[in-house]
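The block underneath contains the structure these notes are about, expressed in structure tokens.
Since we're looking at a predicted model, the values are computed, not measured. Numbers here simply count residues along the sequence, with the first being 1. As the structure lists them, so they are numbered: ligands from 1, and atoms in each ligand from 1. Heavy atoms only: backbone and side chains are in, while hydrogens, waters and symmetry mates are out.
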Amino acid sequence: MGARFSELAERLGADQIATESAIPPRYRLDAFRAHRGSRLPEGGVTPAAVVWPRSTEDVSVVVHFAADAGLSIVPWGGGTGLMGGARPTTDSIVLDMRRMRRVLSIDRASNRATAQAGIVLEALDRRLRKARLTLGHDPWSRPRATLGGAIGTNGIGYAGYLRGTMGDQVLGLESVLADGTILRTRPAVRSTTGLDLRRLFIGTEGTLGIVTAATLRVFPIPEREEIHAFSIRDFPTGLACLVRMYDDGLAPAVMDFEESFPAPSLPWRSDDGPPALYLGFAGSRELVGACWRVAHRRLRAAAARSLPDGDARDYWRTRHDIIYAHDEVSPGVTRADMFLKDVIFDYIHVALPRSRILAYRRSSLAILRRHGVRPIGFGVWTQPELVSLEVLRSVGADRAAARTAVASAVDEIIRRALSLGGSMEYVHGVGVKLAHLMADELGTGLAVARRVKAALDPGGILNSGKLGF
Ligand SMILES: Cc1cc2nc3c(=O)[nH]c(=O)nc-3n(C[C@H](O)[C@H](O)[C@H](O)COP(=O)(O)OP(=O)(O)OC[C@H]3O[C@@H](n4cnc5c(N)ncnc54)[C@H](O)[C@@H]3O)c2cc1C
């Protein structure tokens, strides 16, 4: 233990802190790894220390210590963030929140629950299910991501249209500020009492405060959930069909519509058949039946073809499997690192006005061609405005050149989305990966955001370098 941390170890307990060679290599990087397009260094660095707080007071102690020692703090949930939001610097303390994982209360009659921020989403959902409730927020990363990380990124899951984003579910929260103050906002379904302080900590990646607990809106387990799979002849036809369904007032519990492109260098099977739609509704039996009647009318008009029920069942059963590829197979090395070692793989998730999606698709494909990057998939998820694009390039002889080519293509595509009236990222946040684009995203708002940051964290100790701060 380095001498400067011994005082902290005494206050917290020696089993709550690691320094120097005792720091596990996994804390060098979150899920923003070497296989992504970027001009940033691939490898990450070891932080000055890792601390595992057990209580809100512990967090406050660490914040005071960091301020006195001239160190910064990087909140860490499951480390599944894809933008480097939890990537440490050498002069930072990583605050791994996962020992703060208690469910503090469940109020079945009010459909609300309070939990500490380090609880893994799946564990929280399991607890809620015992009370015949469900979390609602269901990202691909549910088995590993934490409540605090989901709030920090304002993530969205499979049921995002019906249940809202993680932030939409937060009724109130507890947060530790840069000066150690513990702020508790009043959990309310609505309030018109001025500045909504809760929102300061939603989607701001731990740069304004460390979320230690939250009260959430949760949901009764629906009587019926029914998902079916379809194929639709092309993307524009499917998009038009979906737009009509949403305009009809349908609120799907699942909607995933994607076209695939042939990709010979892909390390898994690529399918370039017609685009597939996974669509589901949840609620009472009558409601689900009525939703399907409306949806089928729209699907018939688009000449959609039903796929076997097994396809939808497999889709749903395996929906979280990909996150296990981010587990370590040896210290600091994940299965994804091995699997993707010969390719640069990236994704772009923009929110666009519906009327601009096809123009964005055309431009993106042209930009990718120009940069020698292949599209793998183009689709919409949870609602027609939320658009995803996955891309790939072989590493070839020059790995740095391949990373830069993908990064340049991604930047250009994002700027195109902005010029079409969109927002550059709707699900994974900004972290360090997209920080250089924050001026394009926010315009003069970036200076305003920086003033808010300076007011709350004048010493810049909370997750500095993220979000363009
Ligand atoms: C394969 C894969 C699939 C994914 N699918 C989805 C998806 O479907 N939907 C989705 O939304 N995301 C998805 N993600 C991204 C990621 O899982 C989410 O962003 C998730 O919410 C991050 O949670 P975490 O606990 O791992 O946070 P981390 O990665 O540890 O942290 C994320 C950010 O939040 C900050 N943070 C962490 N804890 C706190 C806290 N207590 N207080 C304040 N700030 C905090 C961190 O500093 C960092 O900036 C996916 C990631 C992978 C690898």
Side-chain angles (χ1 to χ4, degrees), residues 26-27 29-33 35-36 47 53 56 59 63 72-88 92-101 115-124 137-160 165-167 170 173-177 200-214 254 256 319-327 334-336 339-340 345 347 349 381-382 386 388 390 425-433 435 462-467 469:
R26 68 169 173 275
Y27 291 103
L29 292 174
D30 56 12
F32 170 33
R33 320 264 324 164
H35 60 259
R36 303 275 295 288
T56 303
V59 174
V63 168
S72 65
I73 291 189
V74 179
W76 181 286
T80 67
L82 286 162
M83 295 302 186
R87 197 181 259 210
S92 63
I93 299 175
V94 166
L95 204 56
D96 183 335
M97 300 295 290
R98 284 175 293 185
R99 288 187 192 168
M100 291 183 62
R101 55 172 182 258
Q116 288 183 308
I119 191 166
V120 169
L121 298 170
E122 188 150 292
L124 177 54
H137 181 56
D138 181 10
W140 297 28
S141 50
R142 189 177 77 172
R144 295 287 181 265
T146 64
L147 176 58
I151 294 173
T153 49
N154 195 14
I156 186 166
Y158 284 92
T165 66
M166 183 77 262
V170 174
L173 49 71
E174 180 186 80
S175 181
V176 176
L177 307 187
L200 288 174
F201 309 98
I202 294 172
T204 48
E205 301 181 358
T207 58
L208 302 182
I210 300 149
V211 178
T212 43
V254 183
D256 190 349
R319 70 191 184 282
H320 304 122
D321 285 3
I322 184 71
I323 196 60
Y324 303 115
H326 288 266
D327 288 347
T334 66
R335 197 167 293 120
F339 193 54
L340 297 169
F345 172 72
Y347 11 45
H349 296 91
W381 192 51
T382 70
L386 302 186
S388 49
E390 294 106 51
E425 176 59 49
Y426 75 79
V427 52
H428 295 133
V430 171
V432 289
K433 187 173 192 291
L462 293 180
N463 216 2
S464 50
K466 315 295 159 48
L467 275 184
F469 292 150

Nearest non-hydrogen contact with [atom] belongs to which option: [options]?
atom                    : options                : answer
atom 37 (C) of ligand 1 : Gly149, Ala336, Ala145 : Gly149
atom 18 (C) of ligand 1 : Leu95, Thr80, Thr165   : Thr80
atom 10 (C) of ligand 1 : Thr334, Val427, Asp30  : Val427

Asn463 heavy atom under 4.0 Å from ligand 1: yes
His326 heavy atom under 4.0 Å from ligand 1: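 Flag set, His326 near ligand 1.
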Ligand 1 atoms in contact with Gly155 (distance to a heavy atom under 4.0 Å):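 Reading through ligand 1 atom by atom, the close ones are 11 (O).
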Which segment of Tyr426 sits under 4.0 Å of ligand 1 when only heavy atoms are counted: neither
Proximity to ligand 1 by part of Met166, non-hydrogen separation under 4.0 Å: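 Met166 to ligand 1: no contact under 4.0 Å from either part.
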Side-chain donor or acceptor of Thr204 paired with backbone N/O of Thr207 under 3.5 Å: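 Side chain of Thr204 to backbone of Thr207: no pair is present.
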Backbone of Gly85 reached by a side-chain donor or acceptor of Asp30 within 3.5 Å: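 Such a contact is found between Asp30 side chain and Gly85 backbone.
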For the 3.5 Å polar cut-off, considering only N or O atoms, please tell me whether [X] and ligand 1 meet it.
X      : answer
Ile323 : no
Val211 : yes
Gly157 : no

Gap separating the NZ atom of Lys433 from the NZ atom of Lys466, nearest 0.5 angstrom: 15.5 Å
